[in-house]
Protein chains: 2
Amino acid sequence: MKKIDILKKLRSSGLRPTKQRVEIAKFLFEREKTFHFTVESLNKLLTKKSASKIALATIYNTVHSFKTAGHLSEVEVRGNKTYFDTNVSNHHHFYDSETAELIDIDANDIIIQKIPKAPNGKKIKNVEVFINLKN
Amino acid sequence: MKKIDILKKLRSSGLRPTKQRVEIAKFLFEREKTFHFTVESLNKLLTKKSASKIALATIYNTVHSFKTAGHLSEVEVRGNKTYFDTNVSNHHHFYDSETAELIDIDANDIIIQKIPKAPNGKKIKNVEVFINLKN
DNA sequence: TTTCACTTTAGAATAATTATAAACTAGAAT
DNA sequence: ATTCTAGTTTATAATTATTCTAAAGTGAAA
């Protein structure tokens, strides 16, 4: 994803392309493979990579803006920290609790044959499968 | 589950049946249906129910002891608080984000037909399905 | 009944996240 | 170009969930 596209992506979601947002967006979206991170890990990586320090609060703000705009998804993982994923399509995850690492599973790689109906007046929003790993 | 069984349950897991543990265990395990809770909600319910106040730290300690002993399972839910479940068998969950409520799904009510193999040297520990609900 | 390892407890400490309010800035209006 | 302003960033304080600490309490073995 080129810089011009990053700017488009931001603008089209109503996000003013500030220096900080562009830097974070480039870091997150200019890559081939999907990327999983926590705010803490992202902060570390950005600090290492760049000269200009972005405030931690800004990273929180930006990540949440990107999530609201649909550019990131939040992954539920047991534990204290919140994980985010640059893959926003419908998919599933392996979770390796040894390394606290998430691995994407393509939606087509899991087929669910039988599923219960939603309770009283509720509808199914989505189905998430977690495959927990051990050594 | 009768009091005598509660005492047995505690002793057989190497947990000395103190006043606090017995009270919490009776509250959690003397019920027909499975029960989902956070430490916060459990604390409130216990405070309401009982005359003697149990320290919050004790509730944390006890819940973790029960989990380690296999009497409770921890449920991964997106969000800040940790959920526990008195159902320790293999099963799945509905999650209603409107009400922050968990509902058990029997393991037999979900059949997964196709599943990817675990990556490099890892094994599958278990598979958890979350069905997120909307109105 | 004494003893002691295990527990409980109140309060301090920690960690992740959110709130605050002042300083800054992208981009529209002049 | 310069001014203006709503949206943004920032440092810091506040909040929330959880864990730690160390002193006081207590089952139950001897």
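Labels below follow one simple rule: chain letters A, B, ... track the order of the sequence lines, proteins then strands, and each chain is numbered from 1.
- Residue pairs satisfying the salt bridge (charged side-chain N to carboxylate O under 4.0 Å, His left out) criterion with at least one member in residues 92-109 of chain A, sequence neighbours excluded, are listed as follows: A:Asp96-B:Lys122.
- Read 5' to 3', the first and last nucleotides of DNA chain D with an atom closer than 4.0 Å to a heavy atom of chain B are D:dA17 to D:dA28.
- No contact: B:Thr38 has no heavy atom under 4.0 Å from any strand.
- Counting only residues at least two apart or in different chains, salt bridge (charged side-chain N to carboxylate O under 4.0 Å, His left out) contacts with residues 50-61 of chain B are absent.
- Under a 4.5 Å side-chain heavy-atom criterion applied to ILVMFWY residues, the cluster that includes B:Ile131 comprises A:Phe94, A:Ile103, A:Ile105, A:Ile110, A:Ile112, A:Ile115, A:Ile124, A:Val127, A:Val129, A:Ile131, A:Leu133, B:Phe94, B:Ile103, B:Ile105, B:Ile110, B:Ile112, B:Ile115, B:Ile124, B:Val127, B:Val129, B:Leu133 as well.
- No donor-acceptor pair under 3.5 Å is formed between the side chain of A:Ser13 and the backbone N or O of A:Phe66.
- When the side-chain contact (heavy atoms from CB on, under 4.5 Å) test is applied to A:Ser12, no partner is found at least two apart in sequence or on another chain.
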Give each protein N/O atom lying under 3.5 Å from an N/O atom of nucleotides 6-9 of chain C, with the pair distance.
unit_1: C:dC6; atom_1: O4'; unit_2: B:Arg16; atom_2: NH1; d: 3.4
unit_1: C:dC6; atom_1: O2; unit_2: B:Arg16; atom_2: NH2; d: 2.8
unit_1: C:dT7; atom_1: OP1; unit_2: B:Arg21; atom_2: NH1; d: 3.0
unit_1: C:dT7; atom_1: OP1; unit_2: B:Arg21; atom_2: NH2; d: 3.4
unit_1: C:dT7; atom_1: O5'; unit_2: B:Arg21; atom_2: NH1; d: 3.2
unit_1: C:dT7; atom_1: O5'; unit_2: B:Arg21; atom_2: NH2; d: 3.2
unit_1: C:dT8; atom_1: OP1; unit_2: B:Thr18; atom_2: OG1; d: 2.5
unit_1: C:dT8; atom_1: O3'; unit_2: B:Gln20; atom_2: NE2; d: 2.6
unit_1: C:dT9; atom_1: OP1; unit_2: B:Gln20; atom_2: NE2; d: 3.1
unit_1: C:dT9; atom_1: OP2; unit_2: B:Ala55; atom_2: N; d: 3.2
unit_1: C:dT9; atom_1: OP2; unit_2: B:Thr58; atom_2: OG1; d: 2.6

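- Under the 4.5 angstrom side-chain criterion for Ile, Leu, Val, Met, Phe, Trp and Tyr, the cluster partners of A:Val77 are A:Val75, A:Tyr83, A:Tyr95, A:Leu102, A:Phe130.
- In this view, A:Thr58 and A:Gln20, A:Ile54, A:Ala55, A:Thr62 satisfy the side-chain contact (heavy atoms from CB on, under 4.5 Å) rule, not counting sequence neighbours.
- Scanning for side chain to side chain donor-acceptor pair (under 3.5 Å) contacts around B:Lys67 gives B:Glu74, with sequence neighbours left out.
- For the pair A:Asn43 CG and C:dA15 P, the computed distance is 15 Å after rounding to whole Å.
- For the helix from C:dT1-D:dA30 to C:dT30-D:dA1, the rotation axes defined at the first and last 5 base pairs enclose an angle of 10°, given to the nearest 10°.
- Qualifying side-chain contact (heavy atoms from CB on, under 4.5 Å) partners for B:Lys44, counting only residues two or more places apart in sequence or in other chains: B:Glu40.
- Judged as a ring-ring contact (aromatic ring centres under 6.0 Å, His included), the pairs with a partner in residues 36-58 of chain A (not counting sequence neighbours) are, in order, A:Phe35-A:Phe37, A:His36-A:His93, A:Phe37-A:Phe84.
- Residue B:Asn80 contributes atom CG, which lies 16 Å from atom C1' of C:dA19 at whole-angstrom precision.
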